[in-house]
Every structure is written in structure tokens, then in C-alpha cells.
Amino acid sequence: MDDKPLGSISLRETEDAFDALMQGEASELSNILRDTPIGQSVGVNVYRQTSLSALVNAIKETFETCQHILGEDYFDQCATSFCQLYPLFHNDLHVYGSDFPGFMVELVETRDELANLKFLCDLSSLEWALNEAFFADKKYPFDVDKFGQLNDEQRGKLILKLGPDVRLLHSHYNVKDIYTFHKQEENILNERSFDVILEEHFYVIHRGSAETNFELFIDQVDAYNFSVLSAIKNECCFNDLCENFAREIDGIMQPPPFGDYISKGIVSDFIL
């Protein structure tokens, strides 16, 4: 950026300079701040530290249960390292932190003091799924009337859609129990111990409606239903879902429980 009088620098140039700073390049912003009373070096450092602090606080809020387990000081160090490695590339703090579960995997694999806390990897994935579910787009009721008007050929080819808030998680630990335990303040204050069980768990994370104040739900399901929902997520057509996941109940072959998925808002739409 060429030297310009401060008043002639556009808002877009200033925003681009701030974005460059968050990606590790401070020269453009330093040039903009060269004539400010506090000086360019101080100005850049103040912005950098303020921005870093905001990112760290966002991570601590999203992954609150992980913070409880690791302790505030230790987690603060982890969150700071993460935010320095993964700059913010957009303007919405609510969607910042998608790389943190992967970062947690690296920490657990490389730090001896975390060797017995491998469940934190799946726990951080659960907390991120809850964050995504809460801030997901609005979900509309399944159009039963439109579905009923389809002929057999159309119905066989349609693609069911999970709600925009729905997230699926396959965990090797009982992370729902661990998460719920740490949401009870008396457990934290009294430093009660919690059980970590090493076995497969399947979860469906989703958000309620305005009537339930957008309450978040963590439904534990069996491997069968998780497989069906995973196939829906992967856009398996309706015919294939019925054929591939039919199972015998009371001596009768039954299709997957689509009605249950729809009534819970887990399946909320379809496309032809």
C-alpha cells in the first residue's frame, strides 16, 4: 500500500489491512496507523492483542466443558495457541472454532499429561456440534401435504434432507454423560469425579423450536438409526433407504422410522 494521508484511505483498505493483520501481515495496518498519536507499533499491537483476546474468549465459551476438565489456566494456554495458529477469516465469531477438535487431537497425541484424556477429542467435537446446531439456519416443518401428492416414481427418487441444525456424532466415549455432568454446577463446585466409558456411542444433536427457547438436544441412538441418518445425510434416495435399511420387526419387514425422524424435526425437508 502506498503512503497516503490518513483521511484519504478508504474503509475497504482499512478492513483489508485488518484482515491481513489477522493472517500475520502487519505492514499494511502499520502504514495506516503511522500518523496516529499512539504510533503505528502500539496501534497494531493493541489491535492484535484485543482481537486475540476476543478469539480466545470465543473458544473458551464454545468449549466450556473441555475448559472445566483441563482447568482455566491450562485451557487458556491451549486456546491462545489455537487462536495464534488459526486466524479468523470471517466476521462471525459464532462460526469460529471448527478446527479446534482437530487441534485437540494433536494436543492429546503429543502431550504426555493428556494421555489419559483422549475422550477430550470427542467431547470437543460434541461441543462444536452443539454450537453449530444452535446457530444454524431456521428450520421449517416437513411439508407432509406436498409429500403426499407425489406419485410412486417421484417418491422413490426423492432425497430426504436433515434439518439445518442436525449434526451426527459417532464417539468412542460416553461424551453426552460427561458433558451433562459438567453442566451441573454442584458437580464442578464439589469437584466430584465422573465416569469415562470406552465404548461406541451414537448421537444426534439438534435444536428445538422457538417454543422451547431453541433448547439443544443430544439424542443417543443405536447403530441402525445412526446408519440410516448418515445415509440420509449422504443423499441416499428414498427407494434405496427403504431397500437397504428394511428390517424385520415382529415377523414383518419394516422400512426405517421416517415418521419418527420427521416428528422430531431431524428430517425437515426433501428435494426431487
Side-chain angles (χ1 to χ4, degrees), residues 62 89-92 94-99 101-102 122 124-172 175-176 179 199-272:
T62 300
F89 292 108
H90 41 72
N91 298 321
D92 188 354
H94 295 144
V95 296
Y96 179 69
S98 60
D99 294 309
D122 289 354
S124 61
S125 293
L126 173 62
E127 292 202 279
W128 180 248
L130 288 165
N131 182 78
E132 285 193 309
F134 185 80
F135 291 107
D137 292 339
K138 183 177 180 179
K139 176 169 55 180
Y140 296 93
F142 189 89
D143 194 336
V144 178
D145 291 338
K146 182 180 177 181
F147 181 83
Q149 294 170 4
L150 301 176
N151 59 44
D152 290 342
E153 182 179 358
Q154 291 172 321
R155 189 176 295 112
K157 294 180 179 179
L158 69 80
I159 303 294
L160 293 173
K161 303 294 290 184
L162 299 179
D165 58 311
V166 175
R167 299 295 183 273
L168 306 178
L169 177 63
H170 174 199
S171 174
H172 297 287
V175 290
K176 176 185 177 180
Y179 174 82
E199 63 181 21
E200 287 192 315
H201 289 76
F202 303 93
Y203 301 111
V204 180
I205 297 96
H206 58 107
R207 182 189 64 204
S209 63
E211 288 72 22
T212 61
N213 295 318
F214 300 106
E215 180 182 357
L216 293 171
F217 298 93
I218 308 171
D219 296 343
Q220 186 166 342
V221 299
D222 58 22
Y224 168 79
N225 281 285
F226 191 85
S227 296
V228 175
L229 292 172
S230 297
I232 292 174
K233 178 182 177 181
N234 293 328
E235 299 189 342
C236 183
C237 74
F238 192 72
N239 261 350
D240 289 345
L241 288 172
C242 293
E243 292 179 5
N244 296 340
F245 294 99
R247 59 178 177 173
E248 185 175 334
I249 301 177
D250 296 330
I252 302 174
M253 295 303 294
Q254 300 283 353
F258 299 116
D260 290 344
Y261 303 153
I262 291 171
S263 65
K264 293 180 180 179
I266 295 173
V267 170
S268 65
D269 199 3
F270 64 89
I271 58 175
L272 296 172

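These numbers come from a predicted model, not from an experiment. Numbering starts at 1 and runs along the sequence shown. All values below were derived from every heavy atom in this structure, side-chain atoms included, with hydrogens, water molecules and symmetry-related copies excluded.
Nearest heavy atom pair, residue Asp143 against residue Lys146, reads OD1-N, 3.0 Å. Considering all non-hydrogen atoms of both residues, Ala136 and Pro164 come closest at CB-O, 3.3 Å. Of all heavy-atom pairs spanning Tyr203 and Ser171, the tightest one is CE1-CB, 4.0 Å. Closest non-hydrogen pair, Pro256 versus Phe245, comes out as CG-CB, 3.6 Å. Closest non-hydrogen pair, Trp128 versus Pro101, comes out as CB-CG, 4.2 Å. Nearest heavy-atom pair, Pro257 versus Tyr224, reported as atom, atom and distance to 0.1 Å: CD-CE2, 4.2 Å.
The distance from the NE2 atom of His206 to the CG atom of Leu130 is 10.5 Å, given to the nearest 0.5 Å. The line from CG of Leu160 to OG of Ser268 is 10.0 Å long, rounded to the nearest 0.5 Å. In this structure, NZ on Lys176 lies 15.0 Å from CZ on Phe202, to the nearest 0.5 angstrom. Note that CZ of Arg207 is 9.5 Å distant from CZ of Arg167, once rounded to the nearest 0.5 Å. Of the inter-residue distances, the one linking Leu162 atom CG with Lys139 atom NZ reads 10.0 Å to the nearest 0.5 angstrom. Note: His94 NE2 to Asn131 CG = 8.0 Å, rounded to the nearest 0.5 Å.
Val175 places none of its side-chain heavy atoms less than 4.5 Å from the side chain of Tyr179. Looking at Ile271 and Leu158, their side chains never come closer than 4.5 Å, going by heavy atoms from C-beta outward. Residues Ile232 and Tyr261 meet the side-chain proximity criterion, which asks for heavy atoms closer than 4.5 Å. In this structure, His172 and His170 have side chains that are in contact, with non-hydrogen atoms separated by less than 4.5 Å. Taking the side chain as every heavy atom from C-beta outward, Leu169 and Ile218 never approach each other to under 4.5 Å. Using a 4.5 Å heavy-atom cutoff, the side chains of Phe142 and Val267 are in contact.
Side-chain rings of Phe270 and Phe238 stay apart, their centers remaining 6.0 Å or farther from each other.
The list of salt bridge (Lys or Arg N to Asp or Glu O under 4.0 Å) pairs with a residue in residues 253-272, not counting sequence neighbours, is empty.
Residue-environment remark: CZ (Phe135) exceeds the threshold of 12 foreign heavy atoms within 6.0 Å. Around atom CD of Glu153, no more than 12 heavy atoms belonging to other residues, nucleotides or ligands sit under 6.0 Å away.
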### Message
What verdict does the side chain to side chain contact (heavy atoms under 4.5 Å, CB included) test give for Val166 and Ile205, after you've listed the backbone C-alpha separation in whole Å, the side-chain angles of each residue and the deciding distance to 0.1 Å?
### Response
CA-CA 6 Å; Val166 175; Ile205 297 96; over 6 Å; no
### Residues Val204, Leu168; criterion side chain to side chain contact (heavy atoms under 4.5 Å, CB included); working and verdict
CA-CA 5 Å; Val204 180; Leu168 306 178; 3.9 Å; yes
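Remark: side-chain polar atoms of Asn234 are not paired, donor with acceptor, to backbone N or O of Cys236 under 3.5 angstrom.
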